[in-house]
Structure formats: structure tokens, C-alpha cells
Amino acid sequence: RMSARRARTPPAGSSVLRRTVAFGPKALGRLTAGSRGPRSHSLAPPVGGTAVRAKSFGSLFMGTARIAVHSRVERVLTPLRLRWERLPGNLRGALWMLLAGVGFTGMSVCIKVAARTMPIFEIVALRAVVALLVISPAIIRASKGFFRSNRPGAHVVRSLFGVCGITTMMLSLAHLDLTLATTLSFTRTLFMIALAAMFLGEVVRWRRTLATCVGFAGVVVCVQPGAPGFDPWTLVGAVAALFAAGVTTMIKRLTVTEP
């Protein structure tokens, strides 16, 4: 009878063994790691084991939810990306320039409002700080040799054009009407056509040349250099557009060898 009773009695730690079989060898490692003693092989469950399992299940749930959301986003964005890639390169570039124009217009309004109470150079510095904060995640995630360049001089020239362009643009916004300053800023596309023909070797047909000449004629009408009420700050706005076109031209040249 005693031997039969011992055969029917489950051995000590059988519930722990069943738990180990259910969760696999990793659970066995967690259980043995939580035992007391320097080199103890006890299978007693560690203190806080329920919290560890809950944390593991929570991480698994969050990972599954993240994968599901990513797959749904990809399912929506993939057809749009394919349609975008089917568009001609010039049309995509024109759409990006329109979007940039909308962004620059919003920035011009903010600068016009801020210039009433803040110095221009303080606005320039704050804009640079905010821009650095925006791109800092990309800088942190970049690889170690990502910022190496064989053309550091071109980057310096581009940076100088950018600083001069943003400073002159803010000065024109502070001293001119917003409509006139915005109109002058849009002339950067006219300067870009001329710079592309001179420095990038792009072929400019007669239709584009005629449109550029008409655009510059419109700039002259807006500026009215011979009128009695001529404002010299309009020239600053035109110089700002020229610097912006120079930045775009330098970026176009740098993309040949730089990522």
C-alpha cells in the first residue's frame, strides 16, 4: 500500500515542471536564475515571476500591434508610391517646388509677425536651432561615415549661400509688404533657370527662355526702380531670391556625388 501511494503521489515540484514544459527552456532558465543560493538548482518559482511573464506578454502584444499597423500603412502607401514613381521626373520636381513654395509662404508669414518684436539675427538663430532639432533624429541614426565628403568646399559655399539667403530674405520680409516680398521670393525659379544654363549645362529652349524674360519683366514692374517711391529693400528681396537659387544650384551639383 505504501509503495502504491508513493507511486500515485506526484513528485515535489511537479507543478513547476509542468510550467517549465509549457513555457519551454527559457522559462526553466528564468526559474533557476531566481533560486536562492550561489549555485542552487532549485526549481522554485522566483519572486516576481508573474510580473516578468506579464511584461513579456505585454512586449509580445505591442510588437504584434506594431507589425499590424506597419502592414496596414504599407498596404495603403504602396499603391501611392507606385503612382508617384510613374510620374515624369519634371512633374515630380514641379510638385515638390509647389509644396516648398507653400512652406516658404507659411514661414514668411511667421517671420513677418515675429519681426515686429524680435531682431532679425535672433530669428535667424532660432530658425537654425529648430531646424537642427527637426533633423537631429536623422543625424543620430546616420552611419559613422555618412557625413564624410570629398567636396567640403562645395558644402561650405552652399552653407554661405544659405545663410546669406535666409538673412536677406528675413530683412526684406521685415521692411517690405508681405505680398511684395513673397512675389520677389518666387523669382528664385527665374534665377535658377539662368544658373542651371550657366553652371549645370542644362539646355534651355526658346519657350522657357521667353517665359523667363516675361517673368523678369514682371519683377521690374513690381519693383518700379524709376518710380518716386522706390524702396531699396526691394533689391534686398531680389538678392535673397538670387541666393536661394544659388543654394538650389549647389544642391543639384552636390547630388551627383553626395547622398
>> Show, in sequence, the C-alpha distance, side-chain angles and deciding distance for M170 and R127, and conclude whether the side-chain contact (heavy atoms from CB on, under 4.5 Å) test is met.
In response: CA-CA 11 Å; M170 290 187 181; R127 179 188 177 276; 3.6 Å; yes
> For R81 and R86, what are the C-alpha separation, side-chain angles and deciding distance, and is it a side-chain contact (heavy atoms from CB on, under 4.5 Å)?
Replying inline: CA-CA 9 Å; R81 189 183 301 114; R86 292 194 194 102; over 6 Å; no
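- Residues L180 and L171 fall within the same hydrophobic cluster, defined by Ile, Leu, Val, Met, Phe, Trp and Tyr side chains chained together at heavy-atom separations under 4.5 Å.
- Residue R208 qualifies as open at atom CZ: its count of foreign heavy atoms under 6.0 Å is 12 or below.
- In this structure, CG in L77 is found 6.0 Å from CD in E74, a value given to the nearest 0.5 Å.
- Proximity of I139 to L132: side-chain heavy atoms (C-beta onward) are separated by under 4.5 Å at one or more points.
- Side-chain contact between F191 and T212: absent, with no pair of heavy atoms (C-beta onward) separated by less than 4.5 Å.
- Counting heavy atoms from C-beta outward, P88 and L91 have side chains that approach closer than 4.5 Å.
- In this structure, CG on L98 lies 11.5 Å from CH2 on W96, to the nearest 0.5 angstrom.
- Across every non-hydrogen atom of K252 and E202, the tightest pair is CE-OE2, 4.2 Å.
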For residues 235-251, which side-chain N or O atoms pair as donor and acceptor with protein atoms under 3.5 Å away, sequence neighbours left out?
{"residue": "T248", "atom": "OG1", "partner": "A244", "partner atom": "O", "Å": "3.1"}
{"residue": "T249", "atom": "OG1", "partner": "A245", "partner atom": "O", "Å": "2.8"}

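- Residues M192 and M97 are in side-chain contact: their nearest non-hydrogen atoms beyond the backbone lie under 4.5 Å apart.
- Within a 6.0 Å sphere centred on NZ of K112, heavy atoms belonging to other residues, nucleotides or ligands number more than 12.
- A continuous path of Ile, Leu, Val, Met, Phe, Trp and Tyr side chains, each step under 4.5 Å between heavy atoms, connects V109 with M107, placing both in one hydrophobic cluster.
- Listed for the T234 side chain is a donor-acceptor partner under 3.5 Å among the backbone atoms of D231.
- Looking at heavy atoms from C-beta onward, L195 lies out of side-chain contact with L200 at the 4.5 angstrom threshold.
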>> Run the side-chain contact (heavy atoms from CB on, under 4.5 Å) test on S108 and L178 for me, step by step, so that the C-alpha distance in whole Å, both residues' side-chain angles and the decisive distance to 0.1 Å come before the verdict.
In response: CA-CA 8 Å; S108 301; L178 184 60; 4.1 Å; yes
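- L176 and L173 fall within a single hydrophobic cluster, where Ile, Leu, Val, Met, Phe, Trp and Tyr side chains are chained together by heavy-atom contacts under 4.5 Å.
- Across every non-hydrogen atom of L126 and M118, the tightest pair is CD1-CE, 3.3 Å.
- Counting heavy atoms from C-beta outward, M169 and I111 have side chains that approach closer than 4.5 Å.
- Heavy atoms only, all atoms of each residue included: A174 and I120 are closest at CB-CD1, 3.7 Å.
- In the hydrophobic clustering of this structure, F216 does not group with I193; members are Ile, Leu, Val, Met, Phe, Trp, Tyr whose side-chain heavy atoms approach within less than 4.5 Å, directly or through other members.
- A search for ring-ring contact (aromatic ring centres under 6.0 Å, His included) contacts involving F199 returns nothing, not counting sequence neighbours.
- At a threshold of 4.5 Å between non-hydrogen side-chain atoms, the residues L87 and W84 count as touching.
- Judged by distance alone, the side chain of T78 and the main-chain N or O of R75 form no donor-acceptor pair under 3.5 Å.
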